[in-house]
Amino acid sequence: MASVNDLPQPYLTHLQRTADQKRGSDVHAVTLSKITPAAGGSIHLLHLDIDRAEGIKFLPGQWLDVHIPTVEKIGGFTITSSPMDADRRSPSPFLELAVQNSPKNPPAAYFFRPSEEIIGQNLYVRVGGNFVWPPFKYMVRNQGRMPKRAVFIAGGVGINPLMSMLSHMHRSRATMPDNVQLLYATKGSSLNIKEVLFANRILSIASEYAASRLQVQFFLTEVADAKDVPTEQTTDLNNVLSKNGRMMRQDIEEALGDVEDRRDTVCYVCGPRQMTDELVEMVGKMAGMEAERVLCEKWW
């Protein structure tokens with residue numbers, strides 16, 4: 001008899017794919033209060049209100065089991081907001097999810113119904129996931145010390161958990177390493193970079209740091225073969241670069257920094273399954289790196 005692990009990944013449910021990951025014991029009631037289209041309408045940002053007396057605790061990078069009363073299948077969506085937003089001490093605690101339009105996935109398709117049909121709907125959520133910041137295993141091996149450098153590599157909506165991590169670092173400061181590198185590959189062109197999912201939020205955060213602390217690179221794959229388009233363009237910020245084309249090995253090598261300093265570097269990778277598998281293997285074998293310091297999350 002075939003096991004769950006033998007099934008093709010697209011046919012696994014969220015609960016099957018994440019069966020071996022940590023989950024909270026509490027189920028929380030939230031209310032869908034706002035939907036904001038993003039990335040040309042292919043993504044819906046969901047604003048979920050939380051009972052102020054309760055709040056919800058989670059770690060940056062975690063996801064939610066989402067139960068919609070009128071949909072049989074349980075959905076799984078990554079939290080893109082900071083844990084500070086969901087704290088009960090916040091004036092209006094909330095969670096944010098970024099849901100991609102997936103007509104064949106009933107929980108995702110639900111959030112693309114006409115907004116007047118679903119705004120105000122009560123949902124039930126549970127926190128889970130092992131892909132989190134800070135990197136606790138690294139810290140245990142290093143007497144509680146934070147890494148000096150963090151390299152975040154995102155492909156498409158793989159930016160979701162990394163957006164939560166970056167937002168939390170920015171707002172808490174205490175968990176932010178000396179140097180953070182974000183490499184974000186997505187469809188789009190340099191002419192409309194601000195239409196890329198979370199680009200405005202990333203640019204806003206980047207504007208508050210020197211290049212020695214935070215560097216961001218966008219890789220816009222949709223124009224990789226376009227003629228008469230510069231392969232590299234600067235932005236208004238000296239720590240943000242936009243490149244037309246795919247992310248290359250050299251880009252990652254440079255982001256990891258000098259080989260002799262990489263023992264204090266961790267790398268987080270999130271994106272399509274094939275991309276994630278390839279990058280995790282490649283980065284783990286790069287000089288000065290090791291597999292234990294390359295963490296990943298895959299989406300299907």
Side-chain angles (χ1 to χ4, degrees), residues 38-40 43 80 98 133 147-170 173 176-259 261-262 264-272 275-276 278-280 282-283 286-289 294 296:
I43 303 288
T80 55
W133 183 267
K148 293 182 179 180
R149 179 181 292 240
V151 178
F152 292 159
I153 302 176
V157 294
I159 190 63
N160 289 354
L162 304 181
M163 189 69 254
S164 177
M165 294 180 193
L166 185 61
S167 296
H168 183 67
M169 286 179 181
H170 170 59
R173 303 294 173 110
M176 189 167 186
D178 295 341
N179 184 275
V180 178
Q181 303 278 329
L182 173 62
L183 285 66
Y184 179 9
T186 185
K187 294 180 180 179
S189 76
S190 295
L191 299 179
N192 67 347
I193 186 174
K194 292 187 178 181
E195 293 182 11
V196 169
L197 180 62
F198 295 127
N200 288 331
R201 197 176 300 182
I202 292 168
L203 293 172
S204 176
I205 293 173
S207 69
E208 298 192 30
Y209 295 92
S212 59
R213 189 75 187 279
L214 172 63
Q215 290 189 320
V216 177
Q217 295 184 66
F218 292 93
F219 297 86
L220 304 165
T221 60
E222 203 166 66
V223 292
D225 300 320
K227 296 181 179 179
D228 302 321
V229 177
T231 57
E232 189 172 294
Q233 293 188 29
T234 57
T235 66
D236 294 336
L237 302 173
N238 65 3
N239 58 340
V240 178
L241 191 65
S242 171
K243 295 184 177 182
N244 296 327
R246 298 187 180 279
M247 188 187 308
M248 307 301 288
R249 180 188 179 98
Q250 181 181 348
D251 298 308
I252 299 172
E253 288 272 15
E254 291 175 356
L256 290 171
D258 296 334
V259 172
D261 295 328
R262 290 180 184 176
D264 292 317
T265 295
V266 294
C267 182
Y268 283 64
V269 183
C270 187
M275 168 197 162
T276 302
E278 292 174 355
L279 288 181
V280 166
M282 180 176 71
V283 176
M286 286 182 173
M289 293 299 293
V294 183
C296 74

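The first residue in the sequence is number 1, and the count goes up from there. This one's a predicted model, so the numbers in the text were calculated from it and none came from an experiment.
Not one N or O on the side chain of D178 forms a donor-acceptor pair closer than 3.5 Å with the backbone of R149. Checking side-chain atoms of S204 against main-chain N and O of N200 turns up no donor-acceptor pair under 3.5 Å. In this structure, R262 contributes its side chain and G257 its backbone to a donor-acceptor pair below 3.5 Å. Between the side chain of N239 and the backbone N or O of A206 there is at least one donor-acceptor pair closer than 3.5 Å. Side-chain atoms of R213 come within 3.5 Å of backbone N or O of M176 as a donor-acceptor pair. Counting only distance, with no hydrogens or angles, the side chain of T276 and the backbone of G271 share a donor-acceptor pair below 3.5 Å.
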Q | Working for side chain to side chain contact (heavy atoms under 4.5 Å, CB included), residues L256 and M286 | A | CA-CA 9 Å; L256 290 171; M286 286 182 173; 3.4 Å; yes

Q: Verify side chain to side chain contact (heavy atoms under 4.5 Å, CB included) between I205 and L214, making sure each step is shown before the conclusion.
A: CA-CA 9 Å; I205 293 173; L214 172 63; 4.0 Å; yes

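L197 is not listed as a side-chain neighbour of M163, based on a closest heavy-atom distance of 4.5 Å or more. Annotation: side chain of V266 is in contact with side chain of W133 (closest heavy-atom distance under 4.5 Å). Put simply, the side chain of V240 does not reach to within 4.5 Å of the side chain of I202, judged on heavy atoms.
Every residue two or more places apart in sequence or in another chain that forms a side-chain contact (heavy atoms from CB on, under 4.5 Å) with E254 is listed here: Q250. Scanning for ring-ring contact (aromatic ring centres under 6.0 Å, His included) contacts around F198 gives an empty result, with sequence neighbours left out.
Residues A154 and L162 share a closest heavy-atom pair of CB-CD1, 3.7 Å. Of all heavy-atom pairs between Y184 and M247, the closest is N-CE, 4.4 Å. Listed here is the closest heavy atom pair of S167 and R201: OG-CD, 4.3 Å. For the pair D251 and L183, the tightest heavy-atom approach, listed with the atom from each and the gap, is O-CD2, 3.9 Å.
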